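As structure tokens, the structure follows; a few thoughts come after it.
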Amino acid sequence: MLHEILDKIRRPLPAEIQSDYANAGAIGGLDAHILAQTQRALELIQLGELPQDAEFSLQRLRDLWRRYVDADAALRAKIVADSQRLLEGLEAGGWGLGNGETQPATSIEQSALSSQQPTTGNEFPAPSPQPPAPKKNFRPDLSTELTYLKGIGPNRAKLLEKLGLRSVYDLLYYFPMRYEDRRVVKELASVEVGAKEAVMVTVLYPPQTKVMGGRMSGRKITRVRVGDDSGRADLQWWNQPYREKQFQPGMQLFVYGKIGEFNGLLQIDAPEFEILGENDTLQVGRIVPIYPMTEGLNQGPIRRAIHHALEMCGENLEEMLPDSILAHYNFPGLETALRQIHFPDSWEQQKAARERLVFEELFLLQVALAQKKINAHTEEIGLRHIVEDEKIKQFLKFLPFKLTGAQKRVMNEVRKDLKSPRPMNRLLHGDVGSGKTMVAAYALWTAHQTGHQGALLAPTEILAEQHFSVLTRLFKPMGIEVALLEGSIKAKNKRRIQADLSEGRVSIVVGTHALIQEGIEFNKLGICVIDEQHRFGVMQRAALQQKGIAGLRPDVLVMTATPIPRTMALTIYGDLDVSVLDELPPGRQPIKTVLIKPNSRERAYKMVRDEVKGGRQAYVVCPLVEQSESETIAHLKAATALAERLRAEELHDLRVGLVHGQMNVIERDEQMELFRAGMHDVLVSTTVIEVGVDVANATIMLIEDAERFGLSQLHQLRGRVGRGVHKSFCVLMGDPRTDEGKARLGVMVKTQNGFEIAEHDLQLRGPGEFYGTRQSGMPDFRLANIISDVEIIQQAREAAFQLVQSDPHLEDEKDALKRALRRFWGDKLSLIQVS
Ligand code: ADP
Ligand code: MG
């Protein structure tokens, strides 16, 4: 059964790769399909119908795919690749392969690793074949490859590599996800029925599986009789007959679980357990680390590997934090911190170790950001874009409206940056509809005025097209041509635009990712504007900047409609200056948001009809429904089916148009134009209209199955209405089942404030999934939590900026700090430090 599910997950992946990660392999998006399948598998595990051991990998898979919808192409590629690896691991686990029967799984402890002789004491067992004999004075440290570490043989190294652990650094910085306090281990005679307890027992008899009769008919129960000096108990599992193969009489077990009792015999249902070696002091009688795991590698071996690495390298670990900082915060040294985070002597010491390591991580992040920011300000050579006031006045005359105060203020900030000889690195955030496009237009126009080229980078084709048409309307009367470059245009056109750009015949270009690809060259790129930053990251920003005139960095303005929680402004965007558009253009109406259950959908359609009667227009956003079919056309079908149904039934008296992601550009444009021109009353669409689409006469948006959307996505969608002078509505149709789903829709109904929504989003999605870091190209945080560690973020930032102020190139700092920076940032460091 697991095999079947895994197969359903795997099958659409090649098509997804083929389609350049369009998230299109199934109706409602490949992510919805895979999430549904993993969820199903996880539920089956809960029911005991699939082996528990698959749980971790499935959870990882689920976590990966939850990020998919918001991920850029590069991250999507990584998610797909990681998934393929996880799937392989799951299959290799041997469950359900071939005959569809559940096969014996590796137990928590029975991996290839620990199936060797149990260890004695803290020693790491001697591996069989040794790697090349280490040199005499070889002192292993963080940079040592695990294969060269005495005591870790090729097999073990191979397994550790499955977790991405290649060097001692990887291993020692592979932190526990939680701990178990096993300092108190009870005797069976003194456990309390109903409580969760830890015991150390010996397996007394071979396990037995029984098929139940009566009410439980057909269910299988596997029992293992265990005991200690004081008593006996049964460990038992339902429908996991493979457990039989895991236990042999004489095995020592550490068992943790809820104690039950039946007919006077203690029973522990589906306990957590570990098979212990003799005198296994790493695993019991202490606070024990629990690591995130992969198939084939279990807690015991990884604990031993980490402990071993600490023993071998502890003394050689170099301190990278400046002594003044260690003293100021009273941090433990590196060796102590690493020992205490893995094998804490007490909770206090674990806490102190964690604080130091979180600080270290954030400090390494901030030092590079500080270098990027400070050195850019003082040293990098940019362009001086100087435009006289008179010219600017003329530009303003071409605008179709008066600027808001906020727009004026931000344009002045931008103008100052553009004038200065150092490159602009500015982040503009303003809620949906706050008028960012005009600020972008102003920056691009400046490039043209000073004889340079300006590029506007947008995350989707529809948004690029939208910008293209707005800018064309604005610039044409001024006699300025705008070009559009996107992936889907014909090769011939692309070549022409490419030539125009590299020879300088075009001064303003709008485009998607296609703009930052190899082969696109600019003649004199002076200013880049990047819209909807949350889909692009530092690295893409850097890639675009690299296309500047040799030796001169173009000015960069990054715009985002997703307001950024404070912690993120300090981390992922920590190298940028910030401007805020905190004022909406005049006359905007608040949007009334209501939640309607699907069984009252008539009410929703009546609201739509009422608006249309009043001369307004409506959007109906199609849900991403999951169906078993895995075709790219499935997406199209869902939207098409909805449009057809509405035309035939609920909205048969209205003119209903349709746009979706699978349409070609011309068709989509035509539909959008018809809607803009008022020829459609209602536009059924997929989330392709999520960002940027701007039709002021549209006053109501109905979102089907709203609970299936993320918070920031709902906010973006809602931003499509309330753009004119009329009162607007957002109808969330849905019946959320989960607490999180309820909370999300509740937030939407309660507030329209983008900042508030962003904070909620971050809280709801949790630190592990907060959007942006991965896409941003920043190193992953191994330990820091962007929500709860805000205080340490502040401290690390201050300390880092102070350090870089006084020593911009870290000339007087420890070599260990420079090495740590390189390790932490990898090959991204040079991009960060120079761009
Ligand atoms: P966003 O910040 O979401 O990108 P846009 O730039 O698309 O916002 O602007 C939203 C709408 O507001 C557009 O229709 C735009 O023409 C209009 N707009 C922008 N600035 C002003 C202004 N100062 N006065 C009136 N309307 C404005
Ligand atoms: Mg916009």
Side-chain angles (χ1 to χ4, degrees), residues 392 395-414 426-445 456-460 462-477 482 510 529-536 557-564 578-591 616-617 619 672-673 675-678 687-699 701 712-726 728 730 752-755 757-758:
I392 291 185
F395 170 77
L396 294 179
K397 280 201 196 121
F398 277 100
L399 300 190
F401 38 66
K402 239 179 92 212
L403 294 176
T404 64
Q407 281 170 320
K408 279 187 210 153
R409 191 188 66 238
V410 170
M411 283 185 190
N412 271 323
E413 288 164 356
V414 170
R426 186 167 288 278
L427 173 70
L428 166 59
H429 55 133
D431 215 339
V432 275
S434 58
K436 294 185 291 294
T437 314
M438 276 308 138
V439 180
Y442 166 71
L444 296 169
W445 172 83
L456 172 54
L457 188 61
T460 63
I462 219 167
L463 187 54
E465 288 155 24
Q466 168 99 12
H467 280 317
F468 173 71
S469 83
V470 168
L471 293 178
T472 304
R473 242 178 286 151
L474 179 68
F475 287 138
K476 200 138 208 181
V482 182
V510 180
V529 182
I530 305 179
D531 196 11
E532 308 299 345
Q533 160 73 5
H534 64 291
R535 305 215 184 179
F536 294 108
L557 178 67
V558 166
M559 308 196 297
T560 173
T562 308
I564 297 161
V578 178
S579 291
V580 187
L581 276 182
D582 49 7
E583 182 187 346
L584 293 179
R588 288 288 162 81
Q589 300 285 328
I591 303 167
R616 307 281 81 79
Q617 291 164 283
Y619 296 105
M672 288 305 301
E673 268 324 309
F675 186 65
R676 211 168 276 143
T687 48
V688 292
I689 60 153
E690 182 186 340
V691 281
V693 170
D694 187 27
V695 179
N697 194 46
T699 53
M701 168 169 287
S712 73
Q713 209 174 15
L714 288 171
H715 181 62
Q716 295 293 328
L717 283 168
R718 181 169 61 182
R720 299 310 107 213
V721 295
R723 299 175 83 84
V725 294
H726 306 287
S728 292
C730 175
Q752 210 181 314
N753 179 319
F755 284 88
I757 290 174

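Remember, predicted model here, so these are calculated numbers, not experimental data. Read the numbers this way: they start at 1 and go in the same order the structure lists the ligands and their atoms.
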Atom of Val439, atom of Leu557 and distance for their closest heavy-atom approach: CG1-CD2, 4.1 Å
Close-contact set for ligand 1 against Gln407 heavy atoms, below 4.0 Å: 19 (C), 20 (N), 22 (C), 23 (N)
Non-hydrogen atoms of Ser434 and Gln407 that approach each other most closely: O-NE2, 4.0 Å
For ligand 1, the portion of Asp431 having any non-hydrogen atom under 4.0 Å away: backbone
Spacing of Arg720 atom CZ and Ile591 atom CD1 [to the nearest 0.5 Å]: 9.5 Å
Contact summary for Phe675 and Gln617, nearest pair of heavy atoms: O-NE2, 2.7 Å
Close-contact set for ligand 1 against Leu403 heavy atoms, below 4.0 Å: 23 (N)
Arg723, portion touching ligand 1 at heavy-atom distance under 4.0 Å: side chain
Numbering as shown, the atoms of ligand 1 that approach Lys402 to under 4.0 Å (heavy-atom distance): 22 (C), 23 (N), 24 (N)
Heavy-atom pair of closest approach, residues Gly433 and Pro585: O-CD, 3.3 Å
Shortest reach to atom 8 (O) of ligand 1 by a heavy atom, considering only Gly435, Gly724, Gly719, Pro586: Gly435
Distance-minimising heavy-atom pair for Phe475 and Ala441: CZ-O, 3.5 Å
Any Gly433 heavy atom less than 4.0 Å from ligand 1: yes
Closest non-hydrogen atom pair between Ala406 and Asp582, with its separation: CB-OD1, 3.7 Å
Gly430 near ligand 1 by a heavy-atom separation under 4.0 Å: no
Numbered atoms of ligand 1 (with element) below 4.0 Å of Thr404, judged on heavy atoms: 23 (N)
